[in-house]
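This report refers to the structure that appears directly beneath it.
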Amino acid sequence: MDFFIKLITNQTFLTVVSGTIVYVLSQLFLELVINPRKEYKQLKQKVLYTLSMYCCYYTSPYNLLKENSNVRPVEEYQIASTELRKIGSEFASYIGIVPKFRFKKRKRLLEVQQSLIGLSNGLYIYRDYNPGKDNRECDRVIKKNLGYK
């Protein structure tokens, strides 16, 4: 018992223990708060870049019924679709690390992810369906939920 009392009153021991506790807490804060926030900002930036880059594709979808009336080749639309789907998938993986108790944030992020996949699917006009209006709505939902005007 004397050894334990001497140990907890020893200044060097207390300094080492308090330093270890501060280090562990700072690493927890880094992993649970700072890194996810940093990742979110990078992902948000990537989404906004992708929307700007491929806006011309989802605002004027490729017409499968009138191939000659299209301005851009179908390959460019396929690339745009793949990129939008990739960023939507990245968003889905990010949603997985957001804690369950942050249900409002998870809901917003899920709307963004679903809208990105919707844009990816809405690059082609077929039969009686023109996805232009739905694509504009997806664009609006993404920008609203990411806080982009």
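Because the structure is a prediction, the values reported are computed rather than measured. When a residue number appears, it is its place in the shown sequence, counting from 1.
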| request: Nearest 0.5 Å please: distance from the OG1 atom of T59 over to the CG atom of L123. | output: 10.0 Å
| note | One should read off an interatomic distance between E137 CD and L119 CG, to the nearest 0.5 angstrom, of 10.5 Å
| How would you list, by chain and number, every residue that makes a ring-ring contact (aromatic ring centres under 6.0 Å, His included) with Y126, sequence neighbours excluded? |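 Per chain and number, Y126 pairs via ring-ring contact (aromatic ring centres under 6.0 Å, His included) with Y129.
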| Quick one: side chain to side chain donor-acceptor pair (under 3.5 Å) pairs with a partner in residues 91-113, sequence neighbours left out? | E111-N145
List, one per line, each side-chain donor-acceptor pair under 3.5 Å for residues 49-57, sequence neighbours excluded.
residue : atom : partner : partner atom : Å
T50     : OG1  : K46     : O            : 2.8
S52     : OG   : L48     : O            : 3.1
Y57     : OH   : E76     : OE1          : 2.6

Does one hydrophobic cluster hold both [X] and [Y], with members joined at side-chain heavy-atom distances below 4.5 Å?
X: L116; Y: V98; value: yes
X: L110; Y: V112; value: yes
X: F91; Y: I117; value: no
X: L84; Y: Y124; value: yes
X: F101; Y: I97; value: no

| Partner residues of D139 under the salt bridge (Lys or Arg N to Asp or Glu O under 4.0 Å) criterion, sequence neighbours left out |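 So D139 forms a salt bridge (Lys or Arg N to Asp or Glu O under 4.0 Å) with K143.
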| field | Shortest non-hydrogen separation from P61 to P131 and the atoms involved | value |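 Reported closest heavy-atom pair: CG-CG, 3.8 Å.
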| message | Looking at every non-hydrogen atom in both residues, tell me the closest pair between V141 and S115 and how far apart they are. | response | CG1-OG, 3.4 Å
| said: Under the rule for side chain to side chain donor-acceptor pair (under 3.5 Å), what residues qualify as partners of R72, not counting sequence neighbours? | reply: none
| task | Could you list the residues that satisfy side chain to side chain donor-acceptor pair (under 3.5 Å) with E67, not counting sequence neighbours? | result | Y62
Pairs of donor and acceptor atoms involving the side chains of residues 33-43, under 3.5 Å and at least two apart or interchain, shall be tabulated with distances.
residue : atom : partner : partner atom : Å
N35     : ND2  : E31     : OE2          : 3.2

| query | Would you say the side-chain atoms of N70 pair up with the backbone N or O of N63, donor to acceptor, closer than 3.5 Å? | reply | yes
| field | Evaluation steps, side chain to side chain contact (heavy atoms under 4.5 Å, CB included), between R85 and N121 | value | CA-CA 8 Å; R85 187 167 296 281; N121 293 335; 2.3 Å; yes
Between side-chain atoms of residues 15-23 and protein atoms elsewhere (two or more places apart, or another chain), which donor-acceptor pairs fall under 3.5 Å?
residue : atom : partner : partner atom : Å
T15     : OG1  : Q11     : O            : 2.8
S18     : OG   : L14     : O            : 2.9
S18     : OG   : T15     : O            : 3.0
T20     : OG1  : V16     : O            : 2.8

| message | Please determine whether the number of non-hydrogen atoms from other residues, nucleotides or ligands lying under 6.0 Å from atom CD of Q45 exceeds 12. | response |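 No, because the 6.0 Å sphere around CD of Q45 holds 12 heavy atoms or fewer from other groups.
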